[in-house]
Novice: 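This is the structure, below, for whatever I ask next.
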Amino acid sequence: MLWNQEQVQVIKDINSFLESDKSCFLLLGKAGTGKTAVTSYVLSKKNAIFSAFTNKATRNMEKALVNNGNIDAECVTIHMLLALEPVYT
């Protein structure tokens with residue numbers, strides 16, 4: 001896959017994060033900017049849990065990771081990752 005300059009920088013940033021002792025990396029961007037493609041490319045070679053705000057985003061990421069050869073990908077919503085339950089008032 002051909003990456004643009006911003007995507008190459010994000011790949012470098014993610015790899016730097018994975019080599020650091022930091023525990024959270026936040027990647028934001030508009031729809032269609034390549035967040036899923038870049039992240040699945042990097043994470044397909046790592047043991048990591050992917051989290052997103054929506055089930056749709058986690059399904060897209062799981063599919064992208066599987067397409068990149070990572071069949072053991074774990075993708076969950078942020079609420080599931082943090083074990084949050086809704087509070088009804």
Side-chain angles (χ1 to χ4, degrees):
M1 177 166 215
L2 296 175
W3 306 110
N4 66 34
Q5 277 186 322
E6 290 176 337
Q7 292 167 328
V8 169
Q9 186 58 53
V10 169
I11 290 169
K12 289 177 184 178
D13 291 345
I14 293 172
N15 282 321
S16 293
F17 163 76
L18 292 172
E19 294 173 4
S20 75
D21 60 352
K22 296 178 182 176
S23 60
C24 183
F25 183 90
L26 181 62
L27 177 61
L28 301 172
K30 294 180 180 180
T33 58
K35 296 178 302 295
T36 300
V38 166
T39 307
S40 66
Y41 169 76
V42 175
L43 295 184
S44 67
K45 297 154 184 57
K46 306 289 183 188
N47 183 16
I49 297 173
F50 171 80
S51 179
F53 290 108
T54 67
N55 283 314
K56 181 179 179 181
T58 59
R59 285 191 304 271
N60 288 343
M61 188 60 174
E62 257 178 357
K63 183 177 177 183
L65 285 165
V66 168
N67 289 341
N68 278 317
N70 187 341
I71 58 171
D72 297 323
E74 185 171 359
C75 302
V76 297
T77 62
I78 189 76
H79 302 89
M80 180 74 79
L81 181 66
L82 298 176
L84 298 177
E85 294 183 20
V87 176
Y88 301 101
T89 58

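The figures that follow rest on heavy atoms only: side chains count, while hydrogens, waters and symmetry mates do not. Quick note: residue numbers are just sequence positions, from 1.
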Novice: Hey, could you give me the OH/CG distance between Tyr41 and Asn67, rounded to the nearest 0.5 Å?
Specialist: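 The OH atom of Tyr41 sits 15.5 Å away from the CG atom of Asn67.
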
Novice: Looking only at heavy atoms, which two atoms of Thr58 and Thr77 are closest? And how far apart?
Specialist: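 Where Thr58 meets Thr77 most closely, the heavy atoms are CG2-N, 3.7 Å.
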
Novice: Quick one: list whatever passes side chain to side chain contact (heavy atoms under 4.5 Å, CB included) with Leu2, sequence neighbours left out.
Specialist: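 For Leu2 there are no side chain to side chain contact (heavy atoms under 4.5 Å, CB included) partners, ignoring immediate neighbours.
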
Novice: How long is the gap from OG1 on Thr54 to CD1 on Ile78, to the nearest 0.5 Å?
Specialist: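 Answer rounded to 0.5 Å: 11.5 Å.
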
Novice: Which heavy atom in Thr36 sits nearest to a heavy atom in Ala64, and how many Å separate them?
Specialist: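 Closest heavy-atom pair between Thr36 and Ala64: CG2-CB, 3.7 Å.
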
Novice: Name the atoms and distances for all side-chain donor-acceptor pairs under 3.5 Å in residues 23-34, with sequence neighbours left out.
Specialist:
from  : atom 1 : to    : atom 2 : distance (Å)
Thr33 : OG1    : Lys30 : O      : 2.8

Novice: Can you pull out every side chain to side chain donor-acceptor pair (under 3.5 Å) where at least one residue sits in residues 8-19? Sequence neighbours excluded, please.
Specialist: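 Side chain to side chain donor-acceptor pair (under 3.5 Å) check on residues 8-19 returns Gln9-Asp13.
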
